[in-house]
Structures are given as structure tokens and as C-alpha cells.
Protein chains: 2
Amino acid sequence: MPRPHKWQHRLQGHGSRWTVPRGAILNHLSRTSKHMSAKEVYTALHKIYPALGLITVYRTLDLLVRMGLLYKFSFGTGESRYEFKSDTEDSHHHHLICTKCGKILDYTDYVDEELELIKKTEEALATKHSFCITDHNIEFYGLCDKCKS
Amino acid sequence: MPRPHKWQHRLQGHGSRWTVPRGAILNHLSRTSKHMSAKEVYTALHKIYPALGLITVYRTLDLLVRMGLLYKFSFGTGESRYEFKSDTEDSHHHHLICTKCGKILDYTDYVDEELELIKKTEEALATKHSFCITDHNIEFYGLCDKCKS
DNA sequence: TTGGTAATGATAATCATTATCATTAAATAT
DNA sequence: ATATTTAATGATAATGATTATCATTACCAA
Ligand SMILES: [Mn+2]
Ligand SMILES: [Mn+2]
Ligand SMILES: [Zn+2]
Ligand SMILES: [Zn+2]
């Protein structure tokens, strides 16, 4: 049933296996722009794969994060949210979050300028505090169009 | 036992009361630079106030966040962390987080430049996406001095 | 085709946080 | 100073997200 996937060989040959749940979960996340929780992924896929369990979703999401195929975010709402990490160059973006309805907006405006400053800051901080910086997170909080009225 | 506090009058006269647990918690957080979890606050104060319950700590932290006296952060480790919001002008800072040991470092380097860019970005995003932006969060992830060896 | 073993899923456990409710204790009126 | 009012507290139990266990299933290399 699962078509050969372009990620298949990344798993195989390293002790890992390419399975139906893994293909389904990766497939689903690669086709949505949403930032999904484990429960949401489970609910969406359980309809198509009734045998799929929530626990497997958790394990698979964790694996995919470790493989670098997904981002994992904590927006402060209790559950973690996962987003597919596109491999195109200009996919880097930051977030705009509505504190009332939880809506999450990706934005790329000013990301170039932000990244320039980030790079500079990173270098300075790495030296000053002997940190090896690997990642950053920038997000704005506020009220979306609908919620601010 | 609880000395009159400079925050006391902010609670009184608004249906709220100034209590021993509230004084103790606010006091403790105002004297540390740590980013403490509810459990950590509870453990630290339970020695001095054996009657204090973890539930009260949660409720008080929530109240103090709503009153604008504390920041609340989700660093992705499962629990929320709270930091006293100093009322001095130049207290604004961002965070450097070790993904291995969880160490959190405040930094103020480049914060002025960051804030300038943030302001510009905020304005552009607010207009473009009809968002009313109220807050932002910037953090760097990596390995601290000890953990990177 | 098959055997070794990684992955799965049912069940139960853990951890952070929240809800309930009887009791206690601030604030205010007497 | 004392009584009154009711917000705050804390014990207990509940919830919700995530993780651990373990017997069973199913990849996949040989
Ligand atoms: Mn995103
Ligand atoms: Mn801080
Ligand atoms: Zn909204
Ligand atoms: Zn560290």
C-alpha cells in the first residue's frame, strides 16, 4: 500500500524501518501547512488507518523530529505542535500567534533582516557565553483580526 | 509575619486579599534571577511555610501573571517557568537555552538592536495581517559551556 | 520464504495542571 | 476588639498530554 517514498531510504539501512504509520504521518504533515498536535494528526489519520494508535503517532513524531524532518514547537497551550520542515531554501519563517483563538500564522516578512541580526547576535552570544548555538525561535503574540474586535 | 509589601495595595481594594502565601511567593521570585517552575517555587517555600500547598502556588503564579508582575514561559520542557518582571527600565532581555541541561541564560546584548527591528517588524505584520501585537519572544537554543564538551 | 528484531498498539503509569469543596483567615463593619 | 463576610487555601480527585511496558505484528536482509 505505501508507495516508495523519498524519505524511505533515510530510514532503511540504519536499523530503522519504513512502515505504513510512518509513511502516513510524514505524508500528511508534508501536505499541510498547519502546525498540528499529536492528537490532531491521530484524529486525521485514524479515519484512514483505523489500526493506527495515538502512541505510535507520538513515537513517530518524535522520530521525525530527531531525523530533522519536522519542527517541534511549544506555544504555551499545553500540547506540542509539529510542522513539516520543507527542504526548499526560503522556507525559513517565524510565527505570529493569536493568544485568544490560538491561530498560528507563518510570516516571512523581514525574515532576511531578522536573520542578519540573528546571525550577528548568535556569534556575539556564542563567544561571550561559550554557547554553541544551534537554533532560534522568534514569535509574536497578539490578537488576530477576528479576535481583536 | 508578612511585612507590608509594596504590592499589597494593588491587590487590596479590588476584591483580592493580601495573604501570607502570596507575599511569600512574590517575595521569593523578586529576590531570585531564576526562571522557576511551580514545583520549584513550592519546594523552596514549603520548607519555610509547611502549610503551603502546590495548588496555591499554581493559583498564585497565575494571579501574578495576570497582574503583570511575572512573565510565564514555555521552554518546551513540559512545565511552565516563571520570572519576576522587574520594573526597572532596562530589564528587557531575551533567552539562551541549553537543550541538554536546561540552563537558561538571560542576555541583554544586542537587545536594543533587536528591539528596533522587532518594532519595525511588528508594525509591518500588524498592518499586513491585521494583528494587534502585544508581545514577542526571542530565544536561542544550543549547548552550554559544560554540555558541549 | 523466512528468521531476527524493530515497530506497533493496548494497557497502565507518570507528570503538569485544573476542578471541587469544606475549612480558614483577610478585610471590613460593628 | 469582635463579629461578619467571603476570598483564599489546601486536601482530594480529576483531567490532559506524554511516556513506559510488553506481548504481538510485520519489515526486510539474507
Ligand atoms: Mn510555521
Ligand atoms: Mn529571563
Ligand atoms: Zn484569534
Ligand atoms: Zn547545558
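Here is the naming used below: chain letters follow the sequence lines, and residue numbers restart at 1 for every chain.
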Checklist entry - Considering only dT18(D), dG10(D), dT17(C), which nucleotide approaches the side chain of Ala51(B) most closely? => result dG10(D)
Checklist entry - If you check every side-chain atom of Arg59(B), which of dA7(C), dA26(C), dT20(C) has the closest atom? => result dT20(C)
For [N], does either OP1 or OP2 sit under 4.0 Å from a side-chain N or O belonging to [X]?
| X | N | value |
| --- | --- | --- |
| Gln12(A) | dC27(D) | no |
| Arg22(B) | dT9(D) | yes |
| Thr19(A) | dT8(C) | yes |
| Thr56(B) | dG10(D) | yes |
| Thr60(A) | dA7(C) | no |
| Lys39(A) | dG16(D) | no |

Next on the checklist: Any N or O donor-acceptor pair under 3.5 Å from the base of dA8(D) to the side chain of Arg17(B)?
Outcome noted: no
[atom1] of [X] versus [atom2] of [N]: gap in Å, rounded?
| X | N | atom1 | atom2 | result |
| --- | --- | --- | --- | --- |
| Gln8(B) | dA8(D) | CD | C1' | 15 Å |
| Ile25(A) | dA7(C) | CD1 | C1' | 12 Å |
| Leu63(A) | dA6(C) | CG | C1' | 11 Å |
| Leu11(A) | dA6(C) | CG | P | 14 Å |
| Asp62(A) | dA7(C) | CG | C1' | 14 Å |
| Glu79(B) | dT14(C) | CD | P | 19 Å |
| Tyr49(A) | dG9(C) | OH | P | 12 Å |
| Trp18(B) | dT9(D) | CH2 | C1' | 16 Å |

Checklist entry - If you round to the nearest 0.5 Å, how far is CD1 of Ile138(A) from CG of Leu117(B)? => result 7.5 Å
Checklist entry - So what does Ser37(B) touch, heavy atoms closer than 4.0 Å: a base, only the sugar-phosphate, or nothing? => result nothing
Item to check | SB check Glu113(A) Lys120(B) (cutoff 4.0 Å) | outcome: yes
Checklist outcome for this item: Heavy atoms of Tyr42(B) and Leu52(B) approach each other most closely as CE1-O, 3.3 Å
Checklist entry - Is a side-chain N or O of Lys148(A) found less than 3.5 angstrom from the main chain of Ser130(B), in a donor-acceptor match? => result yes
Next on the checklist: Would you call the rings of His136(A) and His92(A) parallel, tilted or perpendicular, taking 30° and 60° as the class edges?
Outcome noted: tilted
Next on the checklist: If you assign each of Tyr58(B) and Gly15(A) to its closest nucleotide in DNA chain C, which residue comes earlier from the 5' end?
Outcome noted: Gly15(A)
